[in-house]
Amino acid sequence: MANSDDKNTRSFSSLVVDGMERAPSRAMLHAVGFKNEDFKKPQIGIASTWSMVTPCNMHINNLADNAAKGVDNASGKAVIFNTITISDGISMGTEGMKYSLVSREVIADSIETVVGCQGFDGVVAIGGCDKNMPGCMIAISRLNRPAIFVYGGTILPGCHKDKKLDVVSVFEAVGARANDKIDDAELAAIEEKAIPGAGSCGGMYTANTMASAIEALGMSLPNSSAQAAISEDKRLDCERAGAAVLELLKKDIKPSDIMTKKAFENAITIIIALGGSTNAVLHIIAMANAAHVDITLDSFTRIGANVPMLADLKPSGRYQMAELIEIGGIQPLMKILLDQGLLHGDCLTVTGKTLAENLADVAPYPDGQDMIHSLDNPIKKDSHLAILYGNLATEGSVAKITGKEGLVFTGSAKVFEAEEEALQSILKGDIVKGDVIVVRYEGPKGGPGMREMLSPTAAVMGKGLGQEVALITDGRFSGGTHGFVVGHITPEAHEGGTLAIVENGDQITIDAESKKLTLHVKGEIINQRLQSWKQPEPKYTRGVLSKYAKLVSSASTGAVTDN
């Protein structure tokens, strides 16, 4: 693109920098490196989630520089700015984890604020840790200016005794140590070797799930989801994204042209085929809400009835994202699904082409690979994400059941009012075969913040109880969680949902076949207990968690704050 003064490509920046009266604005921008000719170029904001808070994001400053180079080489003017990130993996199991889902909203609000204030004509958003992806996408939807999302990339696996490791290996090692399956030295060795460098957690956990979903949605360049954080491919992905935004600007292609209902259905299809995180349900609904697209819990049930789980990826499978990259990433999988009629090929993408056009020349996976199963030999013939209703979840809940745990579980409730209580009980050996661990008051309002339960679920796995114990909660699960688990129970306990009145010893059934979550207590007794129940006082009365609790919607509608 030439150094054009075409207001169509500068519809926002021209209001900030054009004309005599904008001289003070230009003076400020001269100080940050603008030349006179830059004021005639489209301005592209580069939203960087760089931080030394977590290895997921520690490299993103370099990626932002690469994206800016792509913009500048395409005759735009890049302006890099920061937003926040937090680390789920570091804060997991602590009070600090309550800020995790909140950070999605802070990221979205901050990107919208900067782009809206500064008058950027387009956006490249680069995210690493879990909440970065939906946070960036919610902002992109609200702004509806030409934009591309770039995934910061996956971490490479650690290694100990010829076994590949990731962060979940450490969480599960804690349970193994509590059960005396390993000693302190072994735990320390796993801890030191599990995270070898930069990049997001290595399995098909939430970060890799959402990156894959956004690529299928059409908002990332092809292969952006399947590149190592530190790689030439990722550097080039950023440069190409910078250049591609200028092409979107020239063609006047906006996020609303790409993020249609069909595109969201494509994203859901990929999440299911990959065996992705339960968090994707929450985030996809929130992203769709921002895009004014009608996606609900029941969309996952409808699509999941016809889409098989094909990927043998962690946490329930054997392989990491780095190994999927070696055989071609998700593009060959998308081609398989498209050829089977399971993807909408006519959806527009940030390349300016349709999904089908992007996939036309994609080569198949190499012969002999067993990471991505064929359609006639799926890991599970339908979705691993089961949306359960019943007297315990009248507005819905989300289970992650691959079939390896079985499809039906009935057990006796052991009730905990917070995650920490449950974890200590598991580590002390108080949880036994046939228990249903009930963790409540961890929902969006009750937590507040809807903490992820990786610590207790990993401890269950480490204890060797993965097929003998279930866990249900109005909180969430990490993408690294596996086992018989149900989260996002709504209405949440703090809002007077049935979960609030479950008692120790009550029988509970999780049925992924009939899609039911049932408390085996008579209706009149449930009503009596609810009449005696009193809503707890808010845990926070000031600050961001208090504001969040007042604004946030139910998990069943995405836990959004801008309805």
Side-chain angles (χ1 to χ4, degrees), residues 88 91-105 282 390-398 412-426 430-431 435-457 470-477 485-506 508 517 519 521 523-561 563:
D88 294 353
S91 64
M92 196 74 69
T94 73
E95 191 74 2
M97 184 63 190
K98 293 181 176 180
Y99 291 89
S100 169
L101 191 56
V102 178
S103 77
R104 185 187 76 182
E105 309 306 302
L282 195 76
N391 65 352
L392 257 179
T394 57
E395 295 176 8
S397 61
V398 182
S412 180
K414 284 194 175 173
V415 182
F416 302 93
E417 310 300 321
E419 177 188 2
E420 291 88 346
E421 295 177 16
L423 177 61
Q424 290 307 310
S425 185
I426 294 163
D430 295 339
I431 301 300
D435 282 344
V436 177
I437 303 164
V438 177
V439 184
R440 63 191 178 199
Y441 297 109
E442 291 286 6
K445 290 181 179 290
M450 207 178 177
R451 286 192 291 182
E452 293 178 351
M453 303 291 150
L454 180 57
S455 294
T457 58
L471 190 152
I472 68 171
T473 180
D474 50 7
R476 297 181 294 132
F477 295 110
V485 297
V486 183
H488 308 204
I489 292 175
T490 54
E492 62 175 285
H494 185 78
E495 294 290 275
T498 308
L499 193 70
I501 54 81
V502 177
E503 296 181 356
N504 287 327
D506 287 347
I508 293 171
L517 180 61
L519 176 67
V521 173
E524 56 266 31
I525 296 176
I526 291 174
N527 290 334
Q528 288 171 9
R529 292 181 186 178
L530 285 171
Q531 288 172 7
S532 301
W533 173 82
K534 293 182 179 179
Q535 185 179 60
E537 292 295 316
K539 294 174 183 174
Y540 290 85
T541 56
R542 300 191 66 184
V544 67
L545 291 177
S546 174
K547 287 190 284 187
Y548 182 82
K550 292 171 184 173
L551 290 171
V552 70
S553 74
S554 165
S556 64
T557 57
V560 298
T561 57
N563 265 0

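Below, each value reflects all heavy atoms present in this structure, side chains not excepted, and no hydrogens, waters or symmetry copies.
- Taking the side chain to side chain donor-acceptor pair (under 3.5 Å) definition, one finds that T498 meets it with nothing, sequence neighbours left out.
- Y441 meets the side-chain contact (heavy atoms from CB on, under 4.5 Å) test with E417, A493, H494, A500, W533, P536, K539; sequence neighbours excluded.
- Across H488 and V398, no two heavy atoms sit closer than the pair ND1-CG2, 3.6 Å.
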**Asked** Going through the checks in order, is the side chain to side chain contact (heavy atoms under 4.5 Å, CB included) test met by M97 and M450?
**Response** CA-CA 8 Å; M97 184 63 190; M450 207 178 177; over 6 Å; no

**Request:** Report the C-alpha distance between R529 and V521 in whole Å, list the side-chain angles of each, state the deciding distance to 0.1 Å, and finish with yes or no for side chain to side chain contact (heavy atoms under 4.5 Å, CB included).
**Result:** CA-CA 11 Å; R529 292 181 186 178; V521 173; 4.3 Å; yes

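- Nearest approach of D474 to E492, heavy atoms of both residues: OD2-CB, 3.6 Å.
- In this structure, the separation between CG on D88 and OG on S100 is 3.5 Å, given to the nearest 0.5 Å.
- Using a cutoff of 4.0 Å between basic side-chain nitrogens and carboxylate oxygens, E419 and R440 are not scored as salt-bridged.
- Between L519 and L499, every side-chain heavy-atom pair lies at or beyond the 4.5 Å cut-off.
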**Request:** Show the numbers, then the answer: is there a side chain to side chain contact (heavy atoms under 4.5 Å, CB included) between M92 and E452?
**Result:** CA-CA 7 Å; M92 196 74 69; E452 293 178 351; 3.2 Å; yes

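- Between R104 and G558 the shortest heavy-atom distance is NH2-O, 2.8 Å.
- By the 4.5 Å heavy-atom criterion applied to side chains, V438 and K414 are not counted as neighbours.
- Contact record, S546 with R542: CB-N, 3.4 Å, taken as the closest heavy-atom pair.
- Using a 4.5 Å heavy-atom threshold, the side chains of F477 and L471 count as touching.
- Listed for the S553 side chain is a donor-acceptor partner under 3.5 Å among the backbone atoms of V560.
- For the residue pair L530 and G496, the shortest heavy atom distance occurs at CD2-O, 3.6 Å.
- With rounding to the nearest 0.5 angstrom, the CD1 atom of I508 is 11.0 Å from the CD1 atom of I437.
- Closest heavy-atom contact between L101 and A559: CD2-CB, 3.9 Å.
- Counting only heavy atoms from C-beta outward, the side chains of V485 and I472 never approach each other to under 4.5 Å.
- With contacts defined as side-chain heavy-atom distances shorter than 4.5 Å, the pair Y540/P448 qualifies.
- Contact of the T394 side chain with the P491 side chain is registered, since non-hydrogen atoms from C-beta on lie closer than 4.5 Å.
- Within the 4.5 Å cutoff, side-chain heavy atoms of L392 are placed close to those of V502.
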**Request:** Evaluate the side chain to side chain contact (heavy atoms under 4.5 Å, CB included) criterion for residues S425 and F416: first the C-alpha distance (whole Å), next the side-chain angles of each, then the deciding distance (0.1 Å), finally the verdict.
**Result:** CA-CA 9 Å; S425 185; F416 302 93; 3.6 Å; yes

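- A donor-acceptor pair is defined here as one N or O able to donate and one able to accept, closer than 3.5 Å; such a pair exists between the side chain of T557 and the backbone of S554.
- Within the 3.5 Å criterion, the main-chain N or O of V552 finds a donor-acceptor partner in the side chain of K445.
- Remark: the T473 side chain and the E442 side chain contain no N/O donor-acceptor pair separated by less than 3.5 Å.
- Atoms OG1 and CD, on T94 and E420 in that order, are 7.5 Å from each other to the nearest 0.5 Å.
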